[in-house]
Amino acid sequence: MMVFGLEGTAWNLSAALVNENEVLFERNATYIPTKGGIHPREASQHHAEQMGKIVGSVMAYVRERDLRIDGFAFSQGPGLGPCLRTVATAARTLSLRFRVPLIGVNHCVAHIEVGKWQTGAEDPAIIYVSGANSQILALRKRRYRIFGETLDISIGNAIDKFARTMGLPHPGGPKVEELARSAKNYIPLPYTVKGMDLSFSGLSTAATEASKKYDLADVCYSFQETAFAMLVEVTERALAHAEKNEVMLVGGVGANKRLGEMLNIMCQERGAKFFLPPEKFMGDNGSMIAHTGLIMLNSGAITPLPQSYIRPGYRTDEVEIIWA
Amino acid sequence: MEIGRGAEAVIFLEEGTVCKFRLPKNYRLPQLDESLRQERTLREAKMIAESRRCGVPTPIIRDISRFLLKMEHIEGPRLKDIMNPMMSEEIGELVGKLHRCGIIHGDLTTSNMIFHKGRIYLIDFGLAFYDTSVEAQGVDVHVYFQTLESTHDSADELKDAFKSGYRRIYENAEVVFKRVKEIKARGRYL
């Protein structure tokens, strides 16, 4: 079986082709804001401009090898409305043109499924951290239940906001990580854990304030150490509460080496196994949509055209994991 | 004798006294680690005693030292394993009492509730604090509801039961429930 996947919920437009065993082809076009953060309309215009080229390159690959596509999967949400509309329109067109089923995929579920596929994790507690989401999840009764999540902004957004205020280019994460490596001192910053939930907006503001008095590298370091300690703490709580013995890190912020290291230490101390997917599957990518589309198609979960409307606020736990 | 190990502490039983020792976590910086452990140990002792004064069953504190809390042993199953609507209603009453006194538990999961001699005891006050704001009370209730959704079947029934108990005790209940809805809608992708 072979499925085409189209991702474009935010900054990255990505199309891919996968079968049961591997990613056959993937092509990306990344929107980089000229200043500030992601502008939803500009991002969707970027996707619309690049759509022909990106989709075309996958279809050329298919034609050259005389392959047959069994389904067109697309990220139905959550995401930025204008971007989702662009992606859904392209996917519907392809599905109609080639008379092949359409599969609407939940973007968050796709991050989890591709992580499991790539790492071999079986039933992990999942920490999903990105520019838009910060959730701690685990599978129970055929749904990825949200054990804890941010009460305001995501960790990625918090870092980006702070970095932007410091005049660092978007996305701020890699730059903050790099600066943190040359730090010498830890500055105490607000540590906000409420049960299994988290809050990052106060931390972002406090770090901005601290940067007026302290060395930027020290602030970056303290920001990371504080925020990641919060994340690891709630992951450990979820692990204990849900009685799992595996942890998997997914989402764009998962590329941060320090976060992975901290989770790994926590898992070692608890006797749990830690799984980290390859970096190219961490950020938003078409392969994760294609892979999830494939397992959905295998279990008969296709999306009829009238149900293919975009879902900007699509929750992870709304999806019944019928393949679990 | 070790009788339990949670995410952050190890629990020993010593001649009928529970000893809760907050373990060092090597994933975080020693400075941050020690300040969190010390702060939470002191806070827990204080808030457990305060909550008891508000009419909420909690263990009696016997001794406090660095990272270590000694208290009365409450024997019984955790609500996580035996939950029913009647219990959830009683939890509503207990949380209502806490909120009426300006106390936020901070970690209202069903792992932190013990059924003992026909009463429900609240434990683990390491994240508790004083706050009379609707926001703090809303988050407290939200944490409990989230546990019901993630861990228990028939979460809606359990939530309704909690609400009727909470309403009975706490006059500001409706305002808090309204805020819980708002909190649930936040922290989402746009």
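Letters A, B, ... mirror the listed sequences (proteins, then strands); counts begin at 1.
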Would you sort out whether A/Lys184 and A/Asp215 count as a salt bridge (Lys or Arg N to Asp or Glu O under 4.0 Å), showing the intermediate values?
CA-CA 9 Å; A/Lys184 290 176 191 71; A/Asp215 182 54; 5.8 Å; no
So B/Phe177 and B/Tyr166, ring-ring contact (aromatic ring centres under 6.0 Å, His included) or not? Walk me through it.
CA-CA 10 Å; B/Phe177 294 145; B/Tyr166 189 78; 5.4 Å; yes
Could you walk me through whether B/Glu174 and B/Lys163 pass salt bridge (Lys or Arg N to Asp or Glu O under 4.0 Å), step by step?
CA-CA 9 Å; B/Glu174 293 313 319; B/Lys163 284 183 179 172; over 6 Å; no
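Of the residues considered (B/Ala7, B/Ala136, B/Gly106), B/Ala7 shows the highest number of contacts with chain A, using heavy-atom pairs under 4.5 Å. When the candidates B/Glu8, B/Gln31, B/Arg5 are compared by the number of heavy-atom contacts under 4.5 Å with chain A, B/Gln31 comes out ahead. Counting heavy-atom pairs closer than 4.5 Å to chain A, the top-ranked of the candidates B/Leu32, B/Leu108, B/Asp124 is B/Leu32. Of the residues considered (B/Val139, B/Leu29, B/Thr147), B/Leu29 shows the highest number of contacts with chain A, using heavy-atom pairs under 4.5 Å. Put simply, of A/Ala240, A/Ala138, A/Gly195, A/Cys108, the one with the most heavy-atom pairs under 4.5 Å next to chain B is A/Gly195. The most heavy-atom pairs under 4.5 Å with chain B, out of A/Arg143, A/Glu233, A/Lys194, come from A/Glu233. Among A/Met262, A/His241, A/Met196, the residue making the largest number of heavy-atom pairs under 4.5 Å with chain B is A/His241. Of the residues considered (B/Leu36, B/Thr110, B/Thr109), B/Leu36 shows the highest number of contacts with chain A, using heavy-atom pairs under 4.5 Å. Note: A/Asp197 leads A/Thr226, A/Asp197, A/Val193 in heavy-atom pairs under 4.5 Å with chain B. Across B/Val143, B/Asn26, B/Asp140, B/Asn112, the residue that shares the most heavy-atom pairs under 4.5 angstrom with chain A is B/Asn26.
Salt bridge status for B/Glu90 with B/Arg119: absent, with no side-chain N to carboxylate O gap under 4.0 Å. Ionic pairing of B/Arg100 and B/Glu171 is not present here: no N-O contact between side-chain nitrogen and carboxylate oxygen is shorter than 4.0 angstrom. Between A/Arg258 and A/Glu225 there is a salt bridge, since at least one side-chain N of the basic residue sits less than 4.0 Å from a carboxylate O of the acidic one. Between B/Glu39 and B/Arg43 there is a salt bridge, with a side-chain nitrogen of the basic residue lying less than 4.0 Å from a carboxylate oxygen of the acidic one. Salt bridge absent: B/Lys25 and B/Glu34 never bring a charged side-chain N and a carboxylate O closer than 4.0 Å.
Contacts between A/Arg140 and chain B at a heavy-atom distance below 4.5 Å involve the side chain alone, from C-beta outward. Heavy atoms closer than 4.5 Å to chain B are found in both the backbone and the side chain of A/Glu236. Neither the backbone nor the side chain of B/Ile104 comes within contact range of chain A, judged by heavy atoms closer than 4.5 Å. Residue A/Gln224: no heavy atom, backbone or side chain, is found under 4.5 Å from chain B. Residue B/Pro24 touches chain A through its backbone alone, counting heavy-atom pairs closer than 4.5 Å. Heavy atoms closer than 4.5 Å to chain B are found in the side chain of A/Tyr191, but not in its backbone. At a 4.5 Å heavy-atom cutoff, B/Ser35 makes no contact with chain A through either its backbone or its side chain. Both the backbone and the side chain of B/Asp153 have a heavy atom closer than 4.5 Å to some heavy atom of chain A.
B/Tyr170 and B/Gln137 share a donor-acceptor pair across their side chains, judged by distance under 3.5 Å alone.
Although no hydrogens or angles enter the test, the distance criterion places no donor-acceptor pair under 3.5 Å between the side chain of A/Asp284 and the main chain of A/Asn12.
By the 4.5 Å heavy-atom criterion applied to side chains, A/Cys83 and A/Ile38 are not counted as neighbours.
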